[in-house]
Trainee: 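Below is the structure I would like to discuss, written out as structure tokens.
Numbers for residues simply follow the sequence, beginning at 1.
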Amino acid sequence: MLASFNDWFLGLGAQYGVNPYIFGAIYIGAIPFFLASIGWLVKRARAGRSTVAPTMLAGFFFVSAYLYLAVFGQDIPVWVWMFLAALIAYGAWSTIRDTRRKIAAKDGKDS
């Protein structure tokens with residue numbers, strides 16, 4: 001059963017021109033870097049400093065696996081791109097909301 005799942009999983013990669021293990025490694029591997037960037041962003045925002053660099057890094061790490069898909073993928077169905085766009089939009093909205101809450105919580109403690 002595990003072998004058939006592995007064959008199906010690798011078949012998806014072959015169909016779309018990407019290695020699913022590389023995609024998964026990028027996806028999982030980017031998580032600590034994304035979280036570190038968010039921590040850096042919150043720290044800089046609380047200090048009243050520019051948040052451009054940590055925001056850009058967080059965005060890059062958030063979409064890094066999909067960048068791999070966009071660069072190396074082929075014949076990706078339109079529904080996949082729409083689903084990924086929805087995931088990215090929701091993730092961005094959620095991250096912005098949570099970051100603003102963390103900054104506001106810190107600002108409220110200083111008063």
Side-chain angles (χ1 to χ4, degrees):
M1 184 165 131
L2 187 59
S4 62
F5 173 78
N6 190 48
D7 291 341
W8 169 79
F9 190 64
L10 290 174
L12 287 175
Q15 180 179 355
Y16 298 120
V18 295
N19 184 327
Y21 292 120
I22 292 175
F23 179 86
I26 293 170
Y27 192 89
I28 299 298
I31 292 171
F33 296 105
F34 172 76
L35 294 174
S37 298
I38 293 298
W40 185 31
L41 185 151
V42 169
K43 183 178 178 179
R44 288 183 66 89
R46 288 177 178 167
R49 299 175 65 196
S50 173
T51 60
V52 173
T55 300
M56 296 294 286
L57 280 174
F60 171 75
F61 291 125
F62 186 76
V63 299
S64 59
Y66 305 113
L67 290 175
Y68 169 73
L69 182 66
V71 171
F72 295 104
Q74 57 193 11
D75 301 325
I76 307 295
V78 173
W79 72 266
V80 171
W81 293 117
M82 292 176 14
F83 180 72
L84 291 176
L87 281 176
I88 290 169
Y90 174 74
W93 173 77
S94 176
T95 300
I96 290 168
R97 182 192 64 206
D98 292 347
T99 302
R100 286 182 178 164
R101 283 184 186 162
K102 289 177 183 177
I103 293 168
K106 173 64 176 165
D107 289 343
K109 290 179 183 177
D110 291 340
S111 300

Trainee: Quick one: closest heavy-atom pair of Lys102 and Arg46, and the distance?
Mentor: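 Nearest heavy atoms, Lys102 then Arg46: O-NH2, 3.1 Å.
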
Trainee: Looking at the rings of Tyr66 and Phe23, which for Trp means the six-membered one, are their centres under 6.0 Å apart?
Mentor: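 So the answer is yes for these two rings.
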
Trainee: Would you say Tyr90 ends up clustered with Trp81 if hydrophobic residues are merged whenever their side chains have heavy atoms under 4.5 Å apart, either directly or through other cluster members?
Mentor: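 Result: no, two separate clusters.
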
Trainee: Start with the C-alpha distance between Arg49 and Lys43, add both sets of side-chain angles, then the distance that settles side-chain contact (heavy atoms from CB on, under 4.5 Å), and finish with yes or no.
Mentor: CA-CA 9 Å; Arg49 299 175 65 196; Lys43 183 178 178 179; over 6 Å; no

Trainee: Verify, without hydrogens or angle tests, whether Arg44 (side chain) and Ser50 (backbone) share a donor-acceptor contact under 3.5 angstrom.
Mentor: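 Checked: pair present.
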
Trainee: For the atom pair CZ (Phe60) and OG (Ser37), what is the distance rounded to the nearest 0.5 Å?
Mentor: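 The CZ atom of Phe60 sits 10.0 Å away from the OG atom of Ser37.
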
Trainee: Does atom OH of Tyr27 have more than 12 heavy-atom neighbours, drawn from other residues, nucleotides or ligands, at distances under 6.0 Å?
Mentor: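 Result for OH/Tyr27: open.
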
Trainee: Nearest 0.5 Å please: distance from the OG1 atom of Thr95 over to the CG atom of Leu41.
Mentor: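 Here the rounded value is 10.0 Å.
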
Trainee: Report whether Ile26 and Ile31 are members of the same hydrophobic cluster (ILVMFWY, side-chain heavy atoms less than 4.5 Å apart, transitive linking).
Mentor: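 Yes; Ile31 is reachable from Ile26 via cluster members.
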
Trainee: For Tyr68 and Asn19, indicate whether the former's side chain and the latter's backbone hold a donor-acceptor pair under 3.5 Å.
Mentor: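 Between the backbone of Asn19 and the side chain of Tyr68 there is a qualifying donor-acceptor contact (under 3.5 Å).
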
Trainee: Any side-chain heavy atom of Phe83 within less than 4.5 Å of one from Ile88?
Mentor: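 With C-beta onward as the side chain, the pair stays apart.
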
Trainee: Hey, any chance Phe62 and Val71 share a hydrophobic cluster, counting ILVMFWY side chains that come within less than 4.5 Å of each other, even indirectly?
Mentor: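 Phe62 and Val71: one cluster.
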
Trainee: Spell out, yes or no, whether Ile96 and Ile38 are grouped together once hydrophobic residues are joined by side-chain heavy atoms under 4.5 Å, including indirect joins.
Mentor: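 No, it is not one cluster - the side chains of Ile96 and Ile38 are not joined through contacts under 4.5 Å.
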
Trainee: Starting from Met82, can I reach Ile76 by hopping between I/L/V/M/F/W/Y residues whose side chains sit under 4.5 Å apart?
Mentor: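 Ile76 and Met82: separate clusters.
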
Trainee: Please report the closest heavy-atom contact between Ala30 and Phe61, naming both atoms and the distance.
Mentor: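 The pair with the smallest heavy-atom distance is CB-O, 3.5 Å.
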
Trainee: Using a 4.5 Å cut-off on heavy atoms from C-beta on, say whether the side chain of Leu57 contacts that of Trp40.
Mentor: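 With C-beta onward as the side chain, the pair touches.
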
